[in-house]
There are 2 protein chains.
Amino acid sequence: MPQSDTVDKILDAAELLFAEKGFSETSLRMITSKANVNLAAVNYHFGSKNALIQAVFGRFLGPLSRLMEQGSKDNNWGVDSNIPKLEDILRLYTQSLLKIPTSHDNGVAIFMRLMGLAYTQSQGHLRKYLEQQYAKTFRLFMYLVKLSTPELSAEERFWRIQFAMGSIAFTMSSIQPLTEIFENSKSAVAKPDKVVEYLVPYLVSGLTAKSVDE
Amino acid sequence: MPQSDTVDKILDAAELLFAEKGFSETSLRMITSKANVNLAAVNYHFGSKNALIQAVFGRFLGPLSRLMEQGSKDNNWGVDSNIPKLEDILRLYTQSLLKIPTSHDNGVAIFMRLMGLAYTQSQGHLRKYLEQQYAKTFRLFMYLVKLSTPELSAEERFWRIQFAMGSIAFTMSSIQPLTEIFENSKSAVAKPDKVVEYLVPYLVSGLTAKSVDE
DNA sequence: GTATGTTTAAAACACACGTTTGGAATAAAT
DNA sequence: ATTTATTCCAAACGTGTGTTTTAAACATAC
């Protein structure tokens, strides 16, 4: 068995458990027993639990970051007065998400859930890691949105993006428990794709709402 | 010193620490030392840490729940074809929030942050407690929104409310320099009232967006 | 003033956590 | 075949956790 196998088994198990329970609520013993590896393997391969958390994020944010930048470049957004539509930006984002290779289905929901947790749980080290690792991509995203919503003030645009990210992260965070609650005659668990279908027009409408400044 | 004093001191300290760090990341020793009470006081007065968490929420949600139901009744919403406007519902909500008595300013921000954590951190006991305690109020809220947005399908309305709640909870959760806000109460960092000003038109626009079903 | 119930205090409890250790097993290289 | 580096494993370590225990302090009523 090659080395990478243990590493990936740990990452796979950690990803699921973190998404399900949160970071502090998931112990290394849960992870290693789910992954069928020795407890010490985490500290051996990753160094610490915090480093493992960061590695979990790096595994999907790396590809996502690359896909977003590539997509923007392919469309020539931002050059020669080539201004993207807000829907197109969101679509690039969601479709980039779907392109990320995952070890299991429901990968998208898990990513979004993890991103929500990253913002919401006060893991200082994670925030620091994400900032210095993906600040460039985030700035690109902000720039694109700026191009497509020139009528907004910088402050209002910032907050609206914040609101939009909240809708996404929060929704994906609570899909499972909510569908359990409101299971009035609806048997099927809400599929993320279906939810995204509802999400996009909502976001577009909210982001392009008439400004309060006017 | 009367009994209630210790109880309130614990609740005050717990509220702040939970909002700042999360539930699992806050130990009873942090709470009791911040509250200047003995460690055993928590288990004596509340029974367990989980019960303390629930008590912190009860202190907020009890008044809020009453205010919402009273406000709806005062406006005769739902009777005699008296249909509320969506803005009015949101305004009732935000103003009810502001009316809740808090032991310190920034109470609203802390409350929203806690609600975000409640949804986001998978504290099973908390979710169960909130459900069986405030399901009635939540159902009223859903009903009012249904009255004001008759054009939406039940499913799409459900998800849009979800999106909206996400915006609120997430935004308040990630006003990052929270600690600064707590310490020097007149910090210039994002004031919740200002954010709400931006939030309302965004929510209205999103919630009333043209349906994807049409 | 004594008795009764309630609240505080200090200490200890059992347990789960992340991490470290030292040696066994395995693979790669000479 | 022997060496060398890497990976795995069982066990233990130290620390911090929520909770319990015991007794003292306090308040209240008779």
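Within every chain, numbering begins at 1; the chains are lettered A, B, ... in the order of the sequence lines, protein sequences first and strands thereafter. In this text the structure is predicted, and so the values were computed from the model without any measurement. Only this structure's heavy atoms are used, side chains among them; waters, hydrogens and symmetry mates stay out.
- With dT17(D), dT19(C), dT8(C) as the candidates, the nucleotide lying closest to the side chain of M30(B) is dT17(D).
- Look at CG on N36(B): it is 20 Å from P on dT7(C), rounded to the nearest Å.
- A donor and an acceptor atom, one from each side chain of S65(B) and T137(B), are located under 3.5 Å apart.
- Between the C1' atom of dC17(C) and the CZ atom of F23(A) lies a distance of 18 Å, rounded to the nearest Å.
- Comparing A40(B) and T26(A) by the nucleotide of DNA chain C whose heavy atom lies nearest to each, the residue mapping closer to the 5' end is A40(B).
- Atom pair N38(A):CG and dG18(C):C1' shows a separation of 14 Å (rounding to whole Å applied).
- To the nearest angstrom, P of dG18(D) lies 12 Å from CG of L17(B).
- Between the CD1 atom of I31(B) and the P atom of dT19(D) there is a distance of 11 Å, given to the nearest Å.
- Residues in residues 90-99 of chain B take part in these salt bridge (charged side-chain N to carboxylate O under 4.0 Å, His left out) pairs, two or more places apart or across chains: D88(B)-R91(B).
- Atom CG in L39(B) sits roughly 8 Å away from atom P in dG18(D) (whole-Å rounding).
- Contact between the side-chain N/O atoms of S27(A) and the OP1/OP2 oxygens of dC17(C) is found at a separation under 4.0 Å.
- We find that CG of D5(A) is positioned 15 Å from C1' of dT26(C), with the value rounded to whole Å.
- Applying the side chain to side chain donor-acceptor pair (under 3.5 Å) rule to Q70(A) yields the partners D74(A); only residues at least two apart in sequence or on another chain are considered.
- Checked against salt bridge (charged side-chain N to carboxylate O under 4.0 Å, His left out), E87(B) has no partners two or more places apart in sequence or in another chain.
- For DNA chain C, no neighbouring residue in residues 46-56 of chain B is found when judged by any heavy atom under 4.0 Å.
- Comparing the axis of the opening five pairs of the helix from dG1(C)-dC30(D) to dT30(C)-dA1(D) with that of the closing five pairs yields an angle of 0°, rounded to 10°.
- In this view, N43(B) satisfies the side chain to side chain donor-acceptor pair (under 3.5 Å) rule with no residue, not counting sequence neighbours.
- OP1 and OP2 of dT6(D) both lie 4.0 Å or more from every side-chain N or O belonging to H45(A).
- The side chain to side chain donor-acceptor pair (under 3.5 Å) test applied to T26(B) returns no partner, not counting sequence neighbours.
- The base of dG16(D) has none of its N or O atoms less than 3.5 Å from a complementary donor or acceptor on the side chain of R29(B).
- Every ring pair (Phe, Tyr, Trp, His ring centres under 6.0 Å) that F111(A) has, sequence neighbours left out, goes to F60(A).
- Using a 4.5 Å heavy-atom threshold, the side chains of T32(A) and N38(A) count as separate.
- The nearest whole Å value for the distance from the OH atom in Y44(A) to the C1' atom in dA10(D) is 17 Å.
- Considering only residues two or more places apart in sequence or on other chains, R59(B) meets the side chain to side chain donor-acceptor pair (under 3.5 Å) condition with D12(B), E15(B).
- Of all nucleotides listed (dT17(D), dT20(D), dA9(C)), dT20(D) comes nearest to the side chain of N43(B).
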